[in-house]
Number of protein chains: 2
Amino acid sequence: MNQDMAGLKERIHATDREVFFSVLSHIGDKWSLVLLGMLSKEPMRYTQLAERIPKISRRMLTVTLRQLERDGLVERIVHADTPPWFEYDLTELGRTLIVPVRALADWTLDNIDLIIEKRAQYDQENPGS
Amino acid sequence: MNQDMAGLKERIHATDREVFFSVLSHIGDKWSLVLLGMLSKEPMRYTQLAERIPKISRRMLTVTLRQLERDGLVERIVHADTPPWFEYDLTELGRTLIVPVRALADWTLDNIDLIIEKRAQYDQENPGS
DNA sequence: CAGTATCCTGGACGATACTG
DNA sequence: CAGTATCGTCCAGGATACTG
């Protein structure tokens, strides 16, 4: 393997690492998970999402939808009626993501009481933090 | 069920929701996953972690370790030799979290090429974004 | 209805210097 | 060695107003 190939490999791995974290960071961000969860039940319109998700700002609804769309997890379906209307739905890829996400959510729910307890315990043992 | 109980339940759920997201947000933050991954192989000392994780600042190493410790996912083991020394290791709870996290990481790795492709495609179709 | 544009704030994170 | 303390920056996200 020559220098160039080694260099190339480095760069590919660096990029993968970035994308890897950029995808995972969507999972961790404030709204993606909520949207994914909502859309896993049924396709919904922009305004429906805005109504059912308390406290989300229009800006973040748009931004988050666009990110999810860009990653191919959600699609914007245009219905060509008159007047036209729009729906958001999970893609096939989005649907496969729901599986590990659900597993993580289940883990969190299963352990939430324990974590609350651990937190309280830690805070008690470490007052000045 | 009387008013008070309904109110209590509301509040519990609200708290759960907060904790739920605060735990998930650890998963999404910049360093927790890396630390969890590192420690899933073997217990390590502070300086070892700092050396093996490129680019992490001492501050974020400390902050992230403390958060993980607070949630009961990582423990700081004090070895009472002279001089004493310290190790960080996953707790039992931390080890159980590795399972769904690994599943999510696997999903990301499995689909990373597709996502890169989708991203490029989206960017091409939507120039002004 | 389904968004976009603009402005603003708080907090995550990094750099750096210091300490028992 | 294993951190803590302080300061500064940047950007995610909210509030609000506007548009085809």
Side-chain angles (χ1 to χ4, degrees), chain A residues 17-18 21-35 38-39 43-71 74-89 122 125-129, chain B residues 17-18 21-35 38-39 43-71 74-89 122 125-129:
Chain A
R17 203 186 129 91
E18 276 169 41
F21 282 107
S22 76
V23 172
L24 277 176
S25 77
H26 286 334
I27 306 309
D29 80 7
K30 199 169 177 184
W31 297 113
S32 296
L33 228 51
V34 183
L35 285 181
M38 278 289 169
L39 295 177
M44 291 179 71
R45 303 176 66 156
Y46 185 90
T47 318
Q48 283 182 292
L49 287 166
E51 280 165 5
R52 298 212 199 168
I53 303 176
K55 298 283 182 186
I56 194 170
S57 65
R58 284 167 179 279
R59 184 178 172 281
M60 286 319 294
L61 180 52
T62 303
V63 168
T64 309
L65 281 171
R66 292 293 167 268
Q67 271 174 1
L68 262 14
E69 232 186 309
R70 186 165 105 103
D71 285 358
V74 162
E75 63 180 333
R76 182 174 182 272
I77 301 163
V78 181
H79 296 268
D81 303 353
T82 46
W85 56 291
F86 315 95
E87 258 182 339
Y88 291 92
D89 194 9
Y122 182 97
E125 291 167 1
N126 307 61
S129 292
Chain B
R17 203 186 128 92
E18 275 170 41
F21 282 108
S22 76
V23 172
L24 277 176
S25 77
H26 286 334
I27 306 308
D29 80 8
K30 199 170 176 182
W31 298 113
S32 296
L33 228 51
V34 182
L35 284 181
M38 278 287 168
L39 295 178
M44 290 178 73
R45 304 176 64 157
Y46 185 90
T47 318
Q48 284 181 293
L49 287 167
E51 281 165 5
R52 298 212 199 169
I53 303 176
K55 298 284 182 182
I56 194 171
S57 66
R58 283 166 179 281
R59 184 178 171 281
M60 286 318 293
L61 181 52
T62 303
V63 168
T64 309
L65 281 171
R66 292 293 167 269
Q67 272 175 1
L68 262 16
E69 233 187 308
R70 187 166 106 102
D71 285 358
V74 162
E75 63 180 332
R76 182 174 181 273
I77 302 162
V78 181
H79 296 269
D81 303 352
T82 46
W85 57 289
F86 317 94
E87 260 183 338
Y88 292 91
D89 194 8
Y122 182 96
E125 291 167 1
N126 306 62
S129 293

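This structure is a prediction, so every number in the text was calculated from the model and none was measured. Order of the sequence lines sets the chain letters (A, B, ...), proteins ahead of strands, with each chain counted from 1. Note: hydrogens, waters and symmetry copies are ignored here, and every other heavy atom, side chains too, is used.
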Would you please confirm or rule out a distance under 4.0 Å between OP1 or OP2 of D:dC7 and any side-chain N or O of B:Arg59?
-> no
Separation of A:Ile56 atom CD1 from C:dG3 atom C1', in whole Å?
-> 13 Å
Check the distance between D:dG3's P and B:Glu69's CD and give it to me in whole angstrom.
-> 9 Å
Which of these nucleotides, C:dC13, D:dG13, D:dA2, is closest to any side-chain atom of B:Asp29?
-> C:dC13
Could you please name the partner base of C:dG20, counting Watson-Crick and G-U wobble pairs only when both distances are under 3.5 Å?
-> D:dC1
Indicate, with a heavy-atom threshold strictly under 4.0 Å, whether B:Thr47 touches base, sugar-phosphate, or nothing.
-> sugar-phosphate
Measure from CG on B:Leu65 to P on D:dG3 and round the result to the nearest Å.
-> 8 Å
Please determine if a side-chain N or O atom of A:Arg45 lies less than 4.0 Å away from the OP1 or OP2 oxygen of C:dC1.
-> no
Whole angstrom value for the distance that separates P of D:dC1 from CZ of B:Arg58 | 8 Å
Between atom CD in A:Glu51 and atom P in C:dG3, what is the gap in whole Å?
-> 14 Å
With a 4.5 Å heavy-atom cut-off, do B:Tyr46 and B:Thr62 have their side chains touching?
-> yes
Interatomic distance where NZ belongs to B:Lys55 and P belongs to C:dG14 [whole Å] = 10 Å
Return the nearest nucleotide to the side chain of B:Met60; candidates are D:dG13, D:dG3, C:dC13.
-> C:dC13
Does a side-chain heavy-atom distance below 4.5 Å link A:Asn126 with B:Arg66?
-> no
Classify the nucleic acid contact of B:Tyr46 as base, sugar-phosphate or nothing, counting any heavy atom under 4.0 Å across all strands shown.
-> base
Work out which heavy atom in A:Met44 is nearest to a heavy atom in A:Arg52; give both atom names and the distance.
-> CE-NE, 3.4 Å
What is the distance, rounded to the nearest whole Å, between atom CD of A:Gln67 and atom C1' of D:dG13?
-> 11 Å
Taking atom C1' of C:dG3 as reference, at what distance in whole Å does atom CD of A:Glu87 sit?
-> 17 Å
How is A:Lys30 classified with respect to the nucleic acid when contacts are heavy atoms under 4.0 Å: base, sugar-phosphate, or nothing?
-> sugar-phosphate
Ignoring backbone atoms, establish whether B:Trp85 has a side-chain N or O less than 4.0 Å from OP1 or OP2 of D:dG3.
-> no
Within a strict 4.5 Å, meaning less than it, do heavy atoms of the A:Ile56 and A:Leu49 side chains meet?
-> no
Out of curiosity, B:Arg45 CZ to B:Tyr88 OH, how far, rounded to the nearest 0.5 Å?
-> 11.0 Å
